[in-house]
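In what follows, every chain begins at residue 1, and chains take the letters A, B, ... in the order their sequences are listed. The structure presented is a predicted model; accordingly, all values stated were derived computationally and were not measured.
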Amino acid sequence: MRITFNTEYAGINDNLTRVAQRMGMFQEQLSSGRRLNQVDDDPAGAAVAVAEHGVLSAVDRYKGATDSTNARLSVVDSALNDIIAQLTAAKTAAASASGSVGAPQRQAAVDQLQGIKEALVSDLNISYRGTFLFSGTKATTAAYSITSGTVSLYQGNANTASIDVDRAFSIQATFDGQSITKGSDASDVFAEIDTLIAAIQAGDATGISAGIDAIDRAFSRTTQFQTAVGTSLARIGAQNIRLDALKQTATTRLSTVEDANIAEAATGLTAAQTAQRAALAAASTVNQLNLMDFLK
Amino acid sequence: MAGLFESLSAASRALLTQTSGLETVGQNIANVNTPGYTRRTIDLAEVPPAETYSAGGGVTVHAIQSNRDRFAERRLWSEQPLAQQQSATADLLGGVQSVVGLPGSSLDASLSAFFDSFADLAQDPTSGVARQSVVLQGQSLSSAFAQMSTSLIGVQHDADIRVQAAVQDISQLASQIATYNAEFANVGGSDSPQGLVVLDQLRKAVSDLSGIVNINVTEDNSGQLNVSYANGKALVVGVTTFAPTTAATGTNGAANVIAADGTDVTSLLTGGRIAGLINVRDSVIPGYQTQLDTLAYTVVQRVNALHSAGYDLNGAAGGNFFTPIAGAAGSARLMSVSAAIAADYSKIAAAGAASPGDNQNARAIANLSDTPVLAGNTATLAQGWSNLVYQVGIDSQNARQQSDTHTSIVNQINALIDSTSGVSLDEEATTMLKFQHAYTANARFFTVIDSALQTLLGMVQG
């Protein structure tokens, strides 16, 4: 085949363009640290990357939810601890007023029970970022109010709100305060304390005993509740570990698709540079000498 | 028997012939870089003797020819449309790729952020900040859809402008071909040196035209080229041009290609740059646009359906979160957060029951991100977006690879053509030496005859 002036230059131009494209590709990978710089670099990889970014986004969302729920349940747990302490104190006060005790002792027990009632209301009206946690889904309404020592009826509702911490896995985040204070009893713990106070003031041993029993039931309901909350907190801890593992896996998979192999890119760039130098050297020798140079 | 004067004439003719050879070499060297130029060679022929005992009348120029590989040229005309079609497609899809962006920083991120905002709201349904965030993310998502749709329309518009320019190029080249056909006939066809020049220009124009649109080329007895579209509709017949025009009769006023007889040939142009442009403009981008619209429409429909079933912060029934859209077409461009929600975030229906702390509806909307709601409830929204990303990527990659492949073939054919028609400086130098030495020898012969004549004339005078 005849090789002409233009054939040689077209070939040189074509080869230099190709090697420049390869250099450009490796330079872009090295400077950006990514092998996926546009979707046609690896269409299937881009589709995988969309999915993995979705996984990471979901993991971040669920991590945020677990953190928030954890903080919320910690507040609830702390309140339940105090309720248990208050109920224990109430039983002790009631027990101290039973039997043949004097009026001052009974009055001291009554005063203590009044204080416990207020403390319980305070515990049950605890809120997290403006949301009352024991009012069911009536998040903006306190569970109980107290006026001149009289506690209102339950102001929340029996509905509860849960927060998703994974697909098909949610944790209860607001609670029906009445299920602690009343449960299946005829009246709530505040009414029972009021009845107990009346029994103490009257020296009614049977009434005091019934009041202590009522407080015992409230105590039992609270500890059951706390167990459930503790279980939820434990599940959140396990979920956090699972989400961390999931994030790591997704990040690794994403990195495989998106990130440049720096060593490979650097080697490729060096090879492309060598090819470019060779192509340029070859180009400079083309037609450097031809027969015209020898004609005098 | 020839006399000295006949020899002198023969020597003179030989000098002129060798000069023609040198002139041909000079023409070749001068046009070494001229596109479409075909190498000229000179055909020499001996002049027969005028009488019995004569060796001959020397040499003369029989013809000057251009070296042309017509078969390779036809291969080029059939291969160029494929290369240019894929190249135009790859160019435009490069623009689409920049619209689609990269995973994690494009529409997928906006979708995630939108549903995440509902998840945040579910954690704190009464929070004004969370509600405001939902409104902002809804607006941001709408804006992302609209921007993407508008950008796709922009690429379509760019393709449309290029189609119009390509039609103008076709008309111009068709007109040039007709003009060269006329000139070719006027100068006596390829038998004349002028005809060779016109032929170079004629075939160069046909070659350029074949890159823009796939054509059939026939050569009539006079050497004129007749050009028709691939479907047989005439474009140039002899000296007559049937130039195409454009009319804004396509979708959304896009320019359709109208043949000289008024027929719309847009869908019949299946090769060349213009076919690539039309395909991307009329099929590829509308396909992407449909996928994008379906995605946007599904988001609007699904979110609205859930939102309407919920209750707002005030316990009232929730309305539409997004402004309702009648159909999928154009949804991406039309998507917007309803004015009522944008004006008052308390109207966001986070609750599944009329209670401010209820978050069932916000959870349900947040969970839409993981719910199969597309393609007959078999694909999630992220998967729908992923399919679009993959489609754009694979289309662009295919176009780029095919463009590279066909360009490589075109380069090989060009090399083949060049091996016949191209100018080799070494070869020209050799030919130049050949004619130079022949000229020198003939000049020497001329001197000898001249000297012999001087001797003869001296004898007569003496």
Q: For chain A, which candidate among B:Asn387, B:Ile394, B:Asp116 shows the most heavy-atom pairs at distances under 4.5 Å?
A: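 Of the options given, most contacts go to B:Asp116.
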
Q: Are B:Phe118 and B:Phe114 close enough that their ring centres sit under 6.0 Å apart?
A: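 Aromatic pair counts; centres sit under 6.0 Å.
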
Q: Looking at chain B, which one of A:Thr131, A:Asn157, A:Asn37 has the largest number of heavy-atom pairs inside 4.5 Å, strictly under?
A: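 It is A:Asn37.
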
Q: Given that the side chain runs from C-beta out, which part of A:Leu254 has a heavy atom under 4.5 Å from chain B: side chain, backbone, both or neither?
A: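 The answer is neither part of A:Leu254.
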
Q: Taking every non-hydrogen pair under 4.5 Å, which of B:Gly101, B:Ala415, B:Ala382 racks up the most with chain A?
A: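 That would be B:Ala415.
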
Q: Between B:Asp108 and chain A, with a heavy-atom cut-off of 4.5 Å, which part of the residue counts as in contact: side chain, backbone, both or neither?
A: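 Just the side chain, heavy atoms under 4.5 Å.
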
Q: Who among A:Ala58, A:Ala65, A:Gly130, A:Ala173 has the most heavy-atom pairs with chain B under 4.5 Å?
A: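 Option with the top pair count is A:Ala65.
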
Q: How long is the span from the CG atom in B:Leu295 to the CD atom in B:Gln291, to the nearest 0.5 Å?
A: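 Result: 9.0 Å between the selected atoms.
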
Q: Side chain, backbone, both or neither: which part of B:Thr420 has a heavy atom under 4.5 Å from chain A?
A: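 For B:Thr420, backbone heavy atoms alone lie under 4.5 Å from chain A.
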
Q: At a heavy-atom distance under 4.5 Å, which candidate from A:Arg167, A:Arg34, A:Glu258 has the highest pair count against chain B?
A: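 Top option by heavy-atom pairs under 4.5 Å: A:Arg167.
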
Q: Are any of the side-chain nitrogens in A:Arg35 or A:Glu264 under 4.0 Å away from the carboxylate oxygens of its partner?
A: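 Judged by the 4.0 Å cut-off on N to carboxylate O distance, A:Arg35 and A:Glu264 do not form a salt bridge.
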
Q: Regarding A:Ser152 and A:Ser145, do their side chains bring together a donor and an acceptor under 3.5 Å, going by distance alone?
A: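 Yes, A:Ser145 and A:Ser152 have a side-chain donor paired with an acceptor closer than 3.5 Å.
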
Q: Under 4.5 Å heavy-atom distance to chain B, tell me which part of A:Arg129 shows up: side chain, backbone, both or neither.
A: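 It is both, since atoms from each part get that close.
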
Q: Going by atom types alone, do A:Tyr128 and B:Asp124 pair a side-chain donor with an acceptor below 3.5 Å?
A: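 The answer is no; no qualifying pair exists.
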
Q: Given heavy-atom pairs under 4.5 angstrom as the criterion, report whether the side chain, backbone, both or neither of A:Ala46 touches chain B.
A: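 It is both, since atoms from each part get that close.
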
Q: When you measure from the side chain of A:Thr252 to the backbone N and O of A:Gln248, does any donor-acceptor pair fall under 3.5 Å?
A: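 Between the backbone of A:Gln248 and the side chain of A:Thr252 there is a qualifying donor-acceptor contact (under 3.5 Å).
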
Q: Tell me whether A:Lys138 contacts the main-chain N or O of A:Gln155 through its side chain, where contact means a donor paired with an acceptor under 3.5 Å.
A: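 Pair found, side chain donor or acceptor close to backbone of A:Gln155.
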
Q: So for B:Glu427, is it side chain, backbone, both, or neither that comes closer than 4.5 Å to the heavy atoms of chain A?
A: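 Side chain of B:Glu427 only, per the 4.5 Å heavy-atom cut-off to chain A.
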
Q: Among A:Ala10, A:Gly45, A:Ser68, A:Gly54, which has the most heavy-atom pairs under 4.5 Å with chain B?
A: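 Of the candidates given, the most pairs with chain B belong to A:Ser68.
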
Q: Donor-acceptor pair, distance only, cut-off 3.5 Å: does the side chain of A:Thr174 make one with the backbone of A:Gly136?
A: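 Between the backbone of A:Gly136 and the side chain of A:Thr174 there is a qualifying donor-acceptor contact (under 3.5 Å).
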
Q: Quick one about A:Arg61 and B:Ser369 (side-chain donor to acceptor, distance below 3.5 Å, no hydrogens or angles considered), yes or no?
A: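 Checked: B:Ser369/A:Arg61 side chains pair up, N/O donor to acceptor below 3.5 Å.
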
Q: Between A:Asp60 and chain B, with a heavy-atom cut-off of 4.5 Å, which part of the residue counts as in contact: side chain, backbone, both or neither?
A: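 A:Asp60 has no heavy atom closer than 4.5 Å to chain B.
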
Q: Just by distance, no angles: are the side chains of B:Gln391 and B:Asp395 close enough, under 3.5 Å, to form a donor-acceptor pair?
A: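 Yes, a side-chain donor-acceptor pair sits under 3.5 Å.
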
Q: Between A:Asp14 and A:Arg18 (salt bridge meaning N to carboxylate O under 4.0 Å), is one present in this structure?
A: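 So A:Asp14 pairs with A:Arg18 through a salt bridge.
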
Q: Of the backbone (N, CA, C, O) and the side chain (C-beta and beyond), which part of B:Thr126 lies under 4.5 Å from a heavy atom of chain A, both, or neither?
A: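 Contact with chain A is through the side chain of B:Thr126 alone.
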
Q: Does any backbone or side-chain atom of B:Gln123 lie under 4.5 Å from a heavy atom of chain A? Answer side chain, backbone, both or neither.
A: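 Looking at B:Gln123, backbone and side chain both touch chain A.
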
Q: Looking at A:Ala51, A:Gly11, A:Ala161, which one has more heavy-atom pairs under 4.5 Å with chain B than the rest?
A: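 The answer is A:Ala161.
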
Q: Do B:Asp358 and B:Ser355 have side-chain atoms, one donor and one acceptor, less than 3.5 Å apart?
A: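 Looking only at side-chain atoms, B:Ser355 and B:Asp358 do not form any donor-acceptor pair under 3.5 Å.
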
Q: Looking at B:Asp312 and B:Arg131, is any side-chain nitrogen of the basic one under 4.0 Å from a carboxylate oxygen of the acidic one?
A: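 Here B:Arg131 does not pair with B:Asp312 in a salt bridge, since their nearest N and O are not under 4.0 Å apart.
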
Q: Name the member of A:Thr160, A:Ile163, A:Thr69, A:Leu56 that forms the most heavy-atom pairs with chain B at distances under 4.5 Å.
A: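 The residue among A:Thr160, A:Ile163, A:Thr69, A:Leu56 with the greatest pair count is A:Ile163.
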
Q: Side chain, backbone, both or neither: which part of B:Val423 has a non-hydrogen atom closer than 4.5 Å to chain A?
A: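 When you check distances to chain A, only backbone atoms of B:Val423 fall under 4.5 Å.
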
Q: At a heavy-atom separation under 4.5 Å, does B:Leu111 approach chain A through its side chain, its backbone, both, or neither?
A: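 Contact with chain A involves no heavy atom of B:Leu111 at all.
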
Q: When heavy-atom pairs shorter than 4.5 Å are enumerated against chain A, which of B:Val392, B:Val100, B:Asn33 gives the highest number?
A: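 Most pairs with chain A among the choices: B:Asn33.
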
Q: Using non-hydrogen atoms only, which part of A:Ser162 is less than 4.5 Å away from chain B: side chain, backbone, both, or neither?
A: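 Both the backbone and the side chain of A:Ser162 come within 4.5 Å of chain B.
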
Q: Under a 4.5 Å heavy-atom cut-off, does chain B meet the side chain of A:Ser57, its backbone, both or neither?
A: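 Its backbone and side chain both get close to chain B.
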
